[in-house]
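If you're wondering where the values come from, they're calculated on a predicted model, not measured in any experiment. Values reported hereafter were calculated over all heavy atoms of this structure, with side chains retained and with hydrogens, waters and symmetry mates removed. Every chain is numbered from 1, with letters handed out A, B, ... down the list of sequences.
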Number of protein chains: 2
Amino acid sequence: MKIMHKEHTLTKNQQIIFDLIDKSPEPLKAYSILHNVQKKGIKAPLQVYRVLDKLIEIGKIHKIESRNAFIACHNSSCQVAKATAFSICEMCEKVTEISSAGLSKYLANFKDKDGMKYSKYNLEFFGLCKKCRT
Amino acid sequence: MKIMHKEHTLTKNQQIIFDLIDKSPEPLKAYSILHNVQKKGIKAPLQVYRVLDKLIEIGKIHKIESRNAFIACHNSSCQVAKATAFSICEMCEKVTEISSAGLSKYLANFKDKDGMKYSKYNLEFFGLCKKCRT
DNA sequence: TTTAGATTGTTATAATATAACACCATGTAA
DNA sequence: TTACATGGTGTTATATTATAACAATCTAAA
Ligand SMILES: [Zn+2]
Ligand SMILES: [Zn+2]
Ligand SMILES: [Zn+2]
Ligand SMILES: [Zn+2]
């Protein structure tokens, strides 16, 4: 199976915003991104949201729905399928993308009561991270 | 194990808003709720959001995070644990709460690479519903 | 070169959600 | 009874998140 999502050539705006998200240790919110790229010429919310939409579409970033925040993808298996899973610490808000072959296989093969399968899903686990548990 | 979440006595505002959500065939958005209860004396967004927060806390409703919408719970097993799963039709936006012992068991027992388990999670499956597939 | 598609820049506005503060009802303890 | 704690309410204002609409520009293929 050919993987092509990493091969997209990003435009200037896309590269600027992706770099910012990619080097961030935590998910970034849209207006925080805007604030950080204004000095690079990206001045309006819509410019940010358009780039975010595109980066999501090509699998370079994901949206953490429960937080309205965006994180770079570091999981080569989830990008085409848009099948994502995260753990979220409710204390410090640390977010980690889960890369588990077992989990993705289970979910991709899950059938609802009508026998319907779903290749696209988003799963968010909530708890306390290692640091916050101690 | 004693189940107590259904036993909450709702206040007037809580009952009004829960009834509205409960009888809706589709998830409702906060401002749509507001619009529909203004004739009953609930006039401000904050009154709605406070009730929504409480109803979520006691397990009577869930939030569909990817849609910013609220749906009544019809699943007796998910309310204490706040472990929820939904299927969402990307065509008609129909949302169904998934009640699968196998799925909830699998997710409750899932361990991440640090061996961490999560009793709280939210899963949203995306696809086409039966009607939209044909 | 022409054309179609994608991207950009811009202003304005819509939609979603919370802060802050005063007031009220109910239950419990002194 | 009084005092206090808790949770719910009403209200105004504001913060945060996201999209509409339109014109201009760039890029790659035919
Ligand atoms: Zn990913
Ligand atoms: Zn933590
Ligand atoms: Zn439920
Ligand atoms: Zn449908």
Side-chain angles (χ1 to χ4, degrees), chain A residues 4-5 7-21 24 26-71 88 90 93 95 122 124, chain B residues 4-5 7-21 24 26-71 88 90 93 95 122 124:
Chain A
M4 40 192 330
H5 43 273
E7 300 162 13
H8 278 270
T9 303
L10 300 184
T11 65
K12 181 161 156 279
N13 285 2
Q14 289 165 0
Q15 193 68 57
I16 289 168
I17 290 177
F18 176 70
D19 285 346
L20 183 67
I21 297 172
S24 169
E26 64 201 354
L28 294 178
K29 308 202 128 204
Y31 277 71
S32 156
I33 292 168
L34 174 60
H35 187 76
N36 276 280
V37 298
Q38 279 182 323
K39 54 184 170 292
K40 293 193 173 153
I42 299 174
K43 293 172 194 157
L46 200 45
Q47 294 176 287
V48 173
Y49 280 105
R50 281 197 288 227
V51 167
L52 290 174
D53 286 349
K54 189 66 185 179
L55 291 175
I56 288 168
E57 185 192 325
I58 64 181
K60 303 279 290 182
I61 66 171
H62 303 301
K63 181 174 184 181
I64 310 300
E65 292 286 357
S66 67
R67 300 299 187 260
N68 297 316
F70 304 86
I71 191 174
I88 302 173
E90 292 186 292
E93 293 294 323
V95 173
N122 182 56
E124 297 182 4
Chain B
M4 39 193 331
H5 42 274
E7 299 160 15
H8 278 270
T9 303
L10 299 184
T11 65
K12 181 162 158 276
N13 285 3
Q14 288 165 0
Q15 193 68 57
I16 290 169
I17 291 178
F18 175 70
D19 286 346
L20 182 68
I21 298 171
S24 169
E26 63 201 354
L28 294 178
K29 307 201 130 206
Y31 277 71
S32 157
I33 292 168
L34 175 60
H35 187 76
N36 275 278
V37 298
Q38 279 183 322
K39 54 184 170 291
K40 293 193 175 154
I42 299 174
K43 292 172 193 156
L46 199 45
Q47 293 177 289
V48 172
Y49 281 105
R50 281 198 287 226
V51 167
L52 291 174
D53 285 349
K54 189 67 186 179
L55 291 174
I56 288 169
E57 185 192 327
I58 65 181
K60 304 277 291 181
I61 66 171
H62 303 302
K63 181 174 185 180
I64 309 300
E65 292 286 356
S66 67
R67 300 300 187 260
N68 297 318
F70 303 86
I71 190 173
I88 303 173
E90 292 185 292
E93 292 294 323
V95 174
N122 183 55
E124 297 181 5

Nucleotide [N], atom [atom2] - distance to [atom1] of [X] in whole Å:
X	N	atom1	atom2	result
B:Q14	D:dG7	CD	P	12 Å
A:Y49	D:dT17	OH	P	7 Å
B:D53	D:dG8	CG	C1'	13 Å
B:I17	D:dT9	CD1	P	9 Å
B:L52	D:dT9	CG	P	12 Å
A:E57	C:dG5	CD	P	15 Å
A:E65	C:dT16	CD	P	13 Å
A:L10	D:dT27	CG	P	15 Å

Could you check B:P45 against B:G41 and say which one's nearest nucleotide on DNA chain D is further toward the 5' end?
B:G41
Could you go over nucleotides 20-26 of chain D and give all protein N or O partners under 3.5 Å, atom names and distances?
none

Please determine, for the side chain of B:T11, which listed nucleotide (D:dG8, C:dT18, D:dT11) has the closest atom?
D:dG8
Given D:dA18, C:dT16, C:dT10, which nucleotide is nearest the side-chain atoms of B:N68?
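Shortest atom-to-atom distance from the side chain points to C:dT16.
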Are any of the side-chain heavy atoms of [X] and [Y] separated by less than 4.5 Å?
X	Y	value
A:S66	A:I88	yes
A:V51	A:L10	no
B:E124	B:E65	yes

Quick one: closest heavy-atom pair of [X] and [Y], and the distance?
X	Y	answer
A:I42	A:L34	O-CD1, 3.7 Å
A:E93	A:E90	OE2-O, 4.1 Å
A:F70	A:I21	O-CG2, 3.8 Å
B:S32	B:N36	O-ND2, 2.8 Å
A:I17	A:V48	CD1-CA, 4.0 Å

Output yes when at least one side-chain N/O atom of [X] is less than 4.0 Å from OP1 or OP2 of [N], else no.
X	N	answer
A:K54	C:dT7	yes
A:Q47	C:dG9	yes
B:K12	C:dA25	no

Enumerate the residues from residues 26-39 of chain B whose closest heavy atom to DNA chain C is under 4.0 Å, giving them by residue number; use none for an empty result.
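Those residues whose heavy atoms fall under 4.0 Å from DNA chain C, taken from residues 26-39 of chain B in numerical order, are B:K29, B:Y31.
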Test side chain to side chain contact (heavy atoms under 4.5 Å, CB included) on B:L20 and B:S24; report intermediate values, then the result.
CA-CA 6 Å; B:L20 182 68; B:S24 169; 6.0 Å; no
